[in-house]
Amino acid sequence: MSSAISAQPVSPAIAVQRVCVNPEFDFLLGCCAGGSRSERSERIRRNRPLNWKRVIELAEHHGVIPQIYRLLSDMGDVACSDSLWQSHETNARKALWLTRELLHILGKLNACGTVALPYKGPVLAQLLYGNVTLRQFSDLDLLIQSSDLPRIKSALAELGFEPGVQLAPREEREYVESGYEYAFDCAHGRSLVEVQWRILPRFYCVDFDVNGFFERAITFSLGGTTLRTLCAEDLLIVLCVHAAKHAWQQLSWLCDIAELAKSQDIDWDVIQDHAKRLGVQRIVAISFFLAHKLLEARLPEIVQTQIQKDDSIEKFANKIWPIMVARSDYDPESISYFWLMIRVRERWRDRIKFLRRLIFTPRLVEWSAMRMPFRLLPR
């Protein structure tokens, strides 16, 4: 697919100063930032001496152990601590194991005549970085058609995966209407596989066209196996919305967004049309502005235009990145979190719908503890 609008450098009118708050966080930014290897090497050499324990803690929290280890290894940096090497090895082993499990699961589903779209985890690592060990992830995300859920549960059960919450058939049917995912456990850990028929819980009011995802899906090779995943345009918007759902609190999500925009052939007219239809233009713009401010990523022209029209984008970003540095995560059950989720939506109708659905949509754990009359189900 050809790019209608290429990613252009940010205009001087909206240039921002580089973030530099403490040596350890700036070291992470230097390892993850754009630019040449020599530019990144020079930046991180300025941040010495370092508290390596603090570096590892920050890198684990932000999911960027592979980026740090790879750059330091390429530089031949002997100051790289044993703890970093151990963290990298642990991440690599887990990534390889999850990749093997993903291929095993997809093979089982294919044998059952069921299609699922993996779109993060090892697929995203291979797509963006060329190696499943170069991105930190801890589970597998599979997008499915809701009608396929019973067959997928049965197939996963044969592989040793069971849903974390058990619902009676009627409750499950009703949950599928208002929920968005099942997390599956196995002997190796909890919530290792997340099967989703929506990208977000319904109350967020970002109503993606899941059927369209399947129609536009692309083929992709992973470990010698051909599979299907989201096309670049769908994936970019999904990554921006996923980062927003978690209040942009992990640096690796911004790395993925910047790398996808840089490495893939993006049709930015499609991005603009889809974001406008979904009411997430502000979310996309905040995501790219944060990537620009923290990682020196380039801003696409459509984002530059959005920032110039909407001065709240920079204000949101300037409130979010200090929280990233402090590692003081938003509590997803707090009023401040829901207030943020409301304000980052540009359309009033989406804000009102968010509140209404939030009040009346039960969570998965609540389905297992109650029996809701059909007439009271959220619509």
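Predicted model, so just to flag it, every value in this text is computed and none were measured.
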| field | Worked check of salt bridge (charged side-chain N to carboxylate O under 4.0 Å, His left out) between Glu172 and Lys153 | value | CA-CA 12 Å; Glu172 180 170 277; Lys153 285 179 63 181; 2.5 Å; yes
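- The structure places OG1 of Thr114 at 10.5 Å from NZ of Lys108, a figure rounded to the nearest 0.5 Å.
- If you take CD on Glu89 and CG on Asp82, they are separated by 11.5 Å, rounding to the nearest 0.5 Å.
- Taking the side chain as every heavy atom from C-beta outward, Lys120 and Phe137 never approach each other to under 4.5 Å.
- Here Ala244 pairs with Trp248, Ile283 under the side chain to side chain contact (heavy atoms under 4.5 Å, CB included) rule; sequence neighbours left out.
- Ring centers of Trp97 and His188: under 6.0 Å apart, within the cut-off.
- Ion pairing between a basic and an acidic side chain is recognised when a charged N comes within 4.0 Å of a carboxylate O; Arg173 and Glu177 show no such pairing.
- Rounding to the nearest 0.5 Å gives a distance of 10.0 Å between OG1 of Thr90 and CD of Gln136.
- Contact check for His246 versus Tyr337: no side-chain heavy atoms found under the 4.5 Å cut-off.
- Residues Leu102 and Leu142 have side chains in contact (heavy-atom distance under 4.5 Å, counting atoms from C-beta outward).
- In this structure the side chain of Leu140 never reaches within 4.5 angstrom of the side chain of Glu194, judged on heavy atoms.
- Annotation for Asn91 and Pro66: closest pair ND2-CG, 3.4 Å, computed over non-hydrogen atoms.
- Checked against side-chain hydrogen bond (donor to acceptor under 3.5 Å, both in side chains), Asp350 has the following partners two or more places apart in sequence or in another chain: Arg345, Arg347.
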| CA sep, side-chain torsions, deciding dist, call: Lys262, Asp256, salt bridge (charged side-chain N to carboxylate O under 4.0 Å, His left out) | CA-CA 10 Å; Lys262 179 178 69 174; Asp256 293 340; over 6 Å; no
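- A salt bridge is absent between Asp311 and Arg282: the closest approach of a Lys/Arg side-chain nitrogen to an acidic carboxylate oxygen does not fall below 4.0 angstrom.
- Nearest heavy-atom pair, Arg151 versus Cys112, reported as atom, atom and distance to 0.1 Å: NH1-O, 3.6 Å.
- Side-chain contact, Gln196 with Asp141: a donor N or O sits under 3.5 Å from an acceptor N or O.
- For Gln145 against Val210, the heavy-atom pair with the smallest separation is OE1-CG1, 4.5 Å.
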| message | Applying ring pair (Phe, Tyr, Trp, His ring centres under 6.0 Å) to Phe354 and Trp348, what does each step give before you reach the verdict? | response | CA-CA 10 Å; Phe354 176 94; Trp348 275 102; over 10 Å; no
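- When all heavy atoms of Leu58 and Phe25 are compared, the closest pair comes out as CD1-N, 3.8 Å.
- Between His88 and Tyr69, the ring-plane angle classifies as parallel under the 30° and 60° cut-offs.
- With Ser334 contributing its side chain and Asp331 its backbone, the two residues share a donor-acceptor pair below 3.5 Å.
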| request: Evaluate ring pair (Phe, Tyr, Trp, His ring centres under 6.0 Å) for Tyr175 paired with Trp197, printing each intermediate quantity in order. | output: CA-CA 11 Å; Tyr175 171 66; Trp197 50 96; 5.7 Å; yes
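- Using a 4.5 Å cut-off on side-chain heavy atoms (C-beta onward), Cys31 and Val64 make no contact.
- Using a 4.5 Å heavy-atom threshold, the side chains of Ile271 and Ile302 count as touching.
- Under a 4.0 Å N-O distance rule, the pair Lys276/Asp273 does not qualify as a salt bridge.
- The closest side-chain heavy-atom distance from Arg228 to Phe220 is not below 4.5 Å.
- One distance of note links CD1 of Ile286 with NZ of Lys315; it measures 12.5 Å at 0.5 Å rounding.
- One distance of note links CG of Leu294 with CG of Asp26; it measures 10.0 Å at 0.5 Å rounding.
- Ion pairing of Arg135 with Glu259 is absent here, as no side-chain N (NZ or NE/NH1/NH2) approaches a carboxylate O to less than 4.0 Å.
- Taking the side chain as every heavy atom from C-beta outward, Leu222 and Thr229 never approach each other to under 4.5 Å.
- Looking at every heavy atom in both residues, Pro163 comes nearest to Tyr182 through CB-CD2, 4.3 Å.
- Distance check, rounded to the nearest 0.5 Å: CG of Leu299 to CZ of Phe289 gives 7.5 Å.
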